[in-house]
Every structure is written in structure tokens, then in C-alpha cells.
Colleague: 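Got a structure for you, questions after.
One-based numbering along the sequence shown. Numbering of ligands and ligand atoms starts at 1, following listing order. What you see below is based on every heavy atom in this structure, not just the backbone, and it leaves out hydrogens, waters and symmetry mates.
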Amino acid sequence: MPTLEKMYSMGHEEVVFYADPSCNLKAIVAIHNTILGPALGGTRMWPYKTEDEALEDVLRLSKGMTYKASVSGLNLGGGKAVIIGDPEKDKSEALFRSFGRLVESLNGRYITAEDVNIKVEDIEHIFTETNNVCGVAIPHGGSGNPAPYTALGVFKGIEASCLKIFGDRSLKGKVVALQGAGFVGRHLGELIAQAGAKVFVSDINEKNIKLFLEMIPSAEVVGVDAIYGVKCDIYAPCALGATINDKTVEQLKCKIVAGAANNQLAEPRHGDILRSRGILYAPDYLINAGGLMNVSIEFEGWSDSKARRMVDTIYDTTLEIFRIADKNNITTYKAADMWAENRIESIRRIGSRYMGVSQHRFPGRKRRNLNS
Ligand code: NAD
């Protein structure tokens, strides 16, 4: 489908393609919806094989951010960026500063942050060129890496799911199959193990498995394909999206799917299959919103305790979504979509007051000083 047609059918407002050969930067920014506020969503760096693959990813991810902000009660819209490149070889200060200039040129309609393969150091380079960036280092007025807060939110979602399925929120004695030993996976693994559950983990990256085992020595490593078939209470996808697909959905031997990865269902019908198999699905964008909540309060002055209080609300919101799903006899992903869409539609009807300018945010915070 041509790009404009794709944007039109998915409801995107704007997609920006950007190239800077001087630093080997190829990037796409997708702004999905700004009715609730400026579009906030991280930047992902990935060695996409084709431009189409990168476009597909950024369109799906940015739409997910609109729903995530809405269901979380945040006054933010949805957006996302992708940089096409190999994070091991192609990162440079110049690349991220050039990307920062692109973000600045959008005049506050899009605010970026960390996503897969983007670290606080990279964000700091972006911050040299624009104020429209979150997840900035704590000494520079930011909140640092959002992953621990994302993990905490996912943990709250898992607790809510346990209450629904087992009648008790505690994870003591439960078995969790965790896919992806990255930033979020490691923090989540730690919380799960501390709560008294057994963790099985898989990753394609040996280095991250080693880091995982240093943090959670009791964990057991399983093969990349074997993780789907682990007999467990909870399957927690914390790697990339679309891991619940035609090939894997019938392999799952769990009672709950609840993890951090965005776009876990390859297609909505896979959510229907989970339901028909009696597996409770905690919608991804609902329970992985902790990182977004955390960075969102950089606008007004971040504190760890405030971020944790916000992230705690994911427990109640998840239970509410389960209640809506039961009441309407629909899947949990449809219930979350319904909630998110209703909120956006109701605010659209009263007229959005978001002006698309950045001066009102980050009071007192200046762009990063080159010498600091
Ligand atoms: P990360 O890059 O640190 O970790 C991802 C891990 O998944 C890596 O270790 C990678 O090797 C592994 N992986 C990739 N393919 C795999 C496969 N087929 N099987 C097993 N492991 C595989 O990223 P992260 O920050 O931990 O984020 C993890 C997921 O959570 C992503 O989907 C991300 O979009 C989502 N998410 C992250 C945040 C955040 O705060 N970082 C917030 C919301 C959602």
C-alpha cells in the first residue's frame, strides 16, 4: 500500500522521512495523533533490512503510543521514531545530534525518548540540539533510563493478572517464562524472582543472558524457540513485537500473557485465539506504560517517588480493563482499545487545546549546555 494510504488507514497525522549523508543518518518520525497532547514516543535503532520494514514498524509503534498515553490518562499523543542502522557500528555523536535537529524542527509536535538500542548517552546528544526529548540524564534535569519503571509497571500488570486468574496477586511459587534479557527484562526478572517466582529466560544475545544471570542467579536459561513451550503460569514477552503469531500461539502452555514488548499480537485475531484457549492477555500498551509515565513527568519536575506512585496505578487500571472485557464479553485487547479510543474521542469533541508549541513545557529546563 502506498505510504499516504497507509497513514490514512491507520489514522496518522504526519510521517517525516529524514536523511543526512554527512553522518549516515536515515530516520523516520511518525506522529500518529496529537489530540491529547504532543506526540511522545521513543526512538528505536534497528538494522531494518528494507525501508518498508522500518516504515511498518514506526507506523505500528506510534499508533500504539497514542493508545498507551490515552489508557494511562496522560495528556500526550502518540509518536515514535526509527533510525535505520546497526547500533553496534553506526552510532555517533554527529548522528544523534543531526537526529536532534530533526526533532527540534518539529517544534514540539513530537518528543522523543529511549527505545530499543537507544541509551541515555545517545539521548544526551539529542538533548544538545533540542529540548523536546525525555529520558535525559538525571544530573541534566531528566529521569534517566525508563526501563526500571517500565518493568515495575509490567510487574503490577502481572500481579493484577494473577489476582484475576488465581484469586491472589502474589507471585510466590509461580513459574514465569521471560523472553528477552534486555534492560526491561532484567529489571522485571529481578522483581519476579524477589516475589518468589521461578524464572525461565531466553535471549538471542549471550551478553545479555550473562547480565541477567548475574542479577538473577536462580534463573534457568532456555532456547530461543523453546521459551514458548515452557510449562508456566505467565509468559512475559520482553523482546520484540509480534511474538504471539500463528507459529507460537498454540505452543503456549501458560495461563497469562503479560510482558513489556510493544505490539505482542502479530494480528488482533491472535488475541482472540488466546481468549479461546483460556489464556488471559494483559494488553501490552496498558501494562508497559510505566516508562512513559516516568518520562512524562519530566515536564513538571521528576521525582522517583512520584514516578512510582503513577506506575502503581497500572494495577488498578489493568483490573478495570479486565472488568470491562468481562462485562461486554469481549477480549481484553478490545476493552483497552475501547477505553483509549473513547477518551480521545471525548476530548476531540470538546476541542483540543494543545497548541503544538514547546515553550510551555519543561519550565526552567534549558537545552543541554555543550560544556556540561
Ligand atoms: P533491549 O534492547 O534492552 O532488550 C531487548 C532484548 O530482546 C535484547 O536482549 C535482545 O537480544 C532480545 N531479543 C531480541 N529478539 C529476541 C528473540 N527472538 N528471542 C529472545 N530475545 C530476543 O530493549 P528493552 O528496553 O528491554 O525493551 C524490551 C521491549 O519492551 C521492547 O519491545 C520495547 O519496545 C518494549 N518497551 C520498552 C520500554 C522501555 O522503557 N525500555 C518501554 C515500553 C516498552
Side-chain angles (χ1 to χ4, degrees), residues 40-47 57-58 60-65 67-69 71-72 74 78 80-83 86-88 91 112-120 122-123 134-135 142-157 177-191 200-213 215 221-230 235-245 247-248 258-266 282-296 307 311 314:
L40 198 160
T43 297
R44 174 171 295 193
M45 187 166 188
W46 195 256
D57 210 25
V58 78
R60 267 165 61 97
L61 290 166
S62 53
K63 184 172 179 183
M65 293 307 293
Y67 282 71
K68 188 185 303 199
V71 86
S72 306
L74 300 172
K80 203 90 181 180
V82 293
I83 294 177
D86 183 339
E88 298 291 328
K91 282 189 180 184
T112 198
E114 289 91 347
D115 192 56
V116 174
N117 290 323
I118 299 294
K119 299 189 174 139
V120 178
D122 309 321
I123 291 291
C134 291
S143 61
N145 183 356
Y149 301 91
T150 301
L152 181 62
V154 173
F155 184 73
K156 297 289 161 192
L178 198 160
Q179 181 185 45
F183 283 117
V184 179
R186 294 198 288 276
H187 286 287
L188 180 63
E190 194 171 42
L191 292 171
F200 289 89
V201 65
S202 75
D203 201 296
I204 51 172
N205 180 329
E206 280 303 317
K207 239 174 22 193
N208 282 353
I209 285 284
K210 197 162 164 269
L211 289 172
F212 193 96
L213 291 176
M215 272 171 83
V221 179
V222 297
V224 168
D225 292 326
I227 194 81
Y228 302 106
V230 172
Y235 164 57
C238 298
L240 296 184
T243 60
I244 300 168
N245 51 46
K247 216 174 104 192
T248 60
N262 286 309
N263 300 324
Q264 290 163 24
L265 304 174
D284 45 14
Y285 65 75
L286 162 66
I287 70 165
N288 74 11
L292 177 66
M293 291 173 166
N294 177 60
V295 294
S296 77
V311 176
I314 290 176

Colleague: What pair of heavy atoms forms the shortest contact from Val184 to Ala151, and how long is it?
Modeller: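 Minimum heavy-atom separation between Val184 and Ala151: O-CB, 3.8 Å.
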
Colleague: Just list the N/O pairs, ligand 1 to protein, that are under 3.5 Å apart, with the distance for each.
Modeller:
{"residue": "ligand 1", "atom": "3 (O)", "partner": "Phe183", "partner atom": "N", "Å": "3.0"}
{"residue": "ligand 1", "atom": "9 (O)", "partner": "Asp203", "partner atom": "OD1", "Å": "3.4"}
{"residue": "ligand 1", "atom": "9 (O)", "partner": "Asp203", "partner atom": "OD2", "Å": "2.6"}
{"residue": "ligand 1", "atom": "9 (O)", "partner": "Asn208", "partner atom": "ND2", "Å": "2.7"}
{"residue": "ligand 1", "atom": "11 (O)", "partner": "Asp203", "partner atom": "OD1", "Å": "2.6"}
{"residue": "ligand 1", "atom": "26 (O)", "partner": "Phe183", "partner atom": "N", "Å": "3.1"}
{"residue": "ligand 1", "atom": "26 (O)", "partner": "Val184", "partner atom": "N", "Å": "2.8"}
{"residue": "ligand 1", "atom": "30 (O)", "partner": "Ala260", "partner atom": "O", "Å": "3.3"}
{"residue": "ligand 1", "atom": "32 (O)", "partner": "Ala239", "partner atom": "O", "Å": "2.6"}
{"residue": "ligand 1", "atom": "34 (O)", "partner": "Arg44", "partner atom": "NH2", "Å": "2.8"}
{"residue": "ligand 1", "atom": "34 (O)", "partner": "Asp115", "partner atom": "OD1", "Å": "3.3"}
{"residue": "ligand 1", "atom": "34 (O)", "partner": "Asn262", "partner atom": "ND2", "Å": "2.9"}
{"residue": "ligand 1", "atom": "40 (O)", "partner": "Thr150", "partner atom": "OG1", "Å": "2.7"}

Colleague: List the atom of Arg60, the atom of Ala266, and the distance in Å for their closest heavy-atom pair.
Modeller: NH1-O, 3.6 Å

Colleague: What pairs with Tyr149 under ring-ring contact (aromatic ring centres under 6.0 Å, His included), at least two apart in sequence or on another chain?
Modeller: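 Scan of Tyr149 (ring-ring contact (aromatic ring centres under 6.0 Å, His included), adjacent residues dropped) gives none.
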
Colleague: Specify the closest pair of heavy atoms between Met293 and Ile314, including all atoms of both residues, with the distance to one decimal.
Modeller: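 Distance-wise, the nearest heavy atoms are CE-CG1, 3.9 Å.
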
Colleague: Nearest heavy-atom pair of Gly223 and Ser202: which atoms, and what distance?
Modeller: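 Looking at all heavy atoms of both residues, the closest pair is O-CB, 3.7 Å.
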
Colleague: Indicate whether the side chain of Thr248 and that of Tyr235 have a donor and an acceptor atom separated by less than 3.5 Å.
Modeller: no

